[in-house]
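Naming: A, B, ... by sequence-line order, numbering from 1 per chain.
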Amino acid sequence: MPELPEVETLRRQLKPLIQGRTIRGIEIFDTRLGDLSFLTGEVIETVNRVGKMLEFILSSRRALTFQLRMTGRLLWQEGYFIPSPHSRFALSFDTGTLELIDPRRFAVITLGDPMDFCPPLFPSEEDIPYIMSLAKRRKITIKELLLDQRLFPGLGNIYACEILHAAHLSPERKACDLSQESWHLIWEVATPILKKAISRRGTTVSDWRDLFGLEGENQRFLMVYARESKPCPRCGTPVVRKKIGGRGTYFCPTCQK
DNA sequence: ATGGTCTCCTGTCTGC
DNA sequence: TGCAGACAGGAGACCA
């Protein structure tokens, strides 16, 4: 399930391959995506990331946006193009073909106006008072709040769990109850976690592969996510998995308070 | 405005 | 061994 570090990995790998290149052909294997064949001939001006979305800015000043959701993958193929199993869509360039693979067909591709800005990896420290003031009015847990894409664009289940572990905070804490100190702790740990995950080309716990079909490396460094019953690397207590806000959540019941 | 539930979808896992 | 049903969950729709 591609989150910020995974989508950023795709963006960095894809940009040099397609920037300035002309779309030579489009193949749609899943009609749910709609008819995008009229994009043939467009030039990719740049490739941006907005949260978990990948955005191709086109020469017509429109933006082609990919939301990979749960099982969406992008794969780059050179030479003769052979659609993979669960292929839904392909864009061909002189240099190769970009394929959208998505067994569960949750991914969506939309054409619209370019976003006016690309958010940073994590909100600025100056935004803490604003986010605290919003959190004060919410009854949900901090874990659920971290998944709110309007506040933390790009954050998903894996990194929300890892950030809360690094900050020694229980995912069950109510967002409205967190002290300023706790919020600063979240800020302190979040960006390094995301940066490291990007440098390791993301986290492969099941489906995730990079643009060239390779697994990421970050799964080897996870502290809690997908580590149910295994010892917390910090205190040795078995990691607990619990559903919070409908999502599987991993945490250490001893050192996350 | 907020929070709860449902939907989309199919591969994989679990239990009988 | 085989099959049915549960489960996985990002994000949007919908309702109270």
**Fill in**
One would report the end-axis bend of the helix from dT2(B)-dA16(C) to dC16(B)-dG2(C), five pairs per end and rounded to 10 degrees, as 50°

**Asked** Who passes side-chain hydrogen bond (donor to acceptor under 3.5 Å, both in side chains) against Ser87(A), sequence neighbours left out?
**Response** Glu99(A)

**Asked** Restricting to pairs with a member in residues 236-256 of chain A, which pass side-chain hydrogen bond (donor to acceptor under 3.5 Å, both in side chains), not counting sequence neighbours?
**Response** Lys143(A)-Thr249(A), Glu172(A)-Lys242(A), Thr237(A)-Thr254(A), Arg241(A)-Tyr250(A)

**Request:** At under 4.0 Å between heavy atoms, which parts of nucleotides 10-16 of chain C does protein reach? Answer with one letter per nucleotide, 5' to 3': B base, S sugar-phosphate only, - none.
**Result:** BBS----

**Asked** With sequence neighbours left out, what residues match Asp30(A) under salt bridge (charged side-chain N to carboxylate O under 4.0 Å, His left out)?
**Response** Arg88(A), Arg105(A)

**Item:** By side-chain hydrogen bond (donor to acceptor under 3.5 Å, both in side chains) - contacts of Thr40(A) (at least two apart)
**Value:** none

**Message:** Taking salt bridge (charged side-chain N to carboxylate O under 4.0 Å, His left out) as the definition, give me every residue that meets it alongside Asp207(A), ordered by chain and number, with sequence neighbours left out.
**Reply:** none

**Request:** Under the salt bridge (charged side-chain N to carboxylate O under 4.0 Å, His left out) rule, collect the residues that match up with Asp113(A), sequence neighbours excluded.
**Result:** none

**Prompt:** With Phe56(A), which residues qualify under ring-ring contact (aromatic ring centres under 6.0 Å, His included), at least two apart?
**Reply:** Phe66(A)

**Request:** Using the test ring-ring contact (aromatic ring centres under 6.0 Å, His included), find all partners of Phe106(A) that sit at least two apart in sequence or belong to another chain.
**Result:** none

**Request:** Heavy atoms of chain A, cut-off under 4.0 Å: which first and last nucleotide of DNA chain B, 5' to 3', fall inside that, if you could look?
**Result:** dT2(B) to dG11(B)

**Message:** Counting the atoms with a prime plus P, OP1 and OP2 as sugar-phosphate, which does Ile140(A) contact under 4.0 Å by heavy atoms, base, sugar-phosphate, or nothing?
**Reply:** sugar-phosphate

**Message:** Does dC7(C) have OP1 or OP2 under 4.0 Å away from a side-chain N or O of Arg241(A)?
**Reply:** no

**Request:** Name all residues meeting the side-chain hydrogen bond (donor to acceptor under 3.5 Å, both in side chains) criterion together with Gln219(A); count only those two or more places apart in sequence or in a different chain, and write none if there are none.
**Result:** none

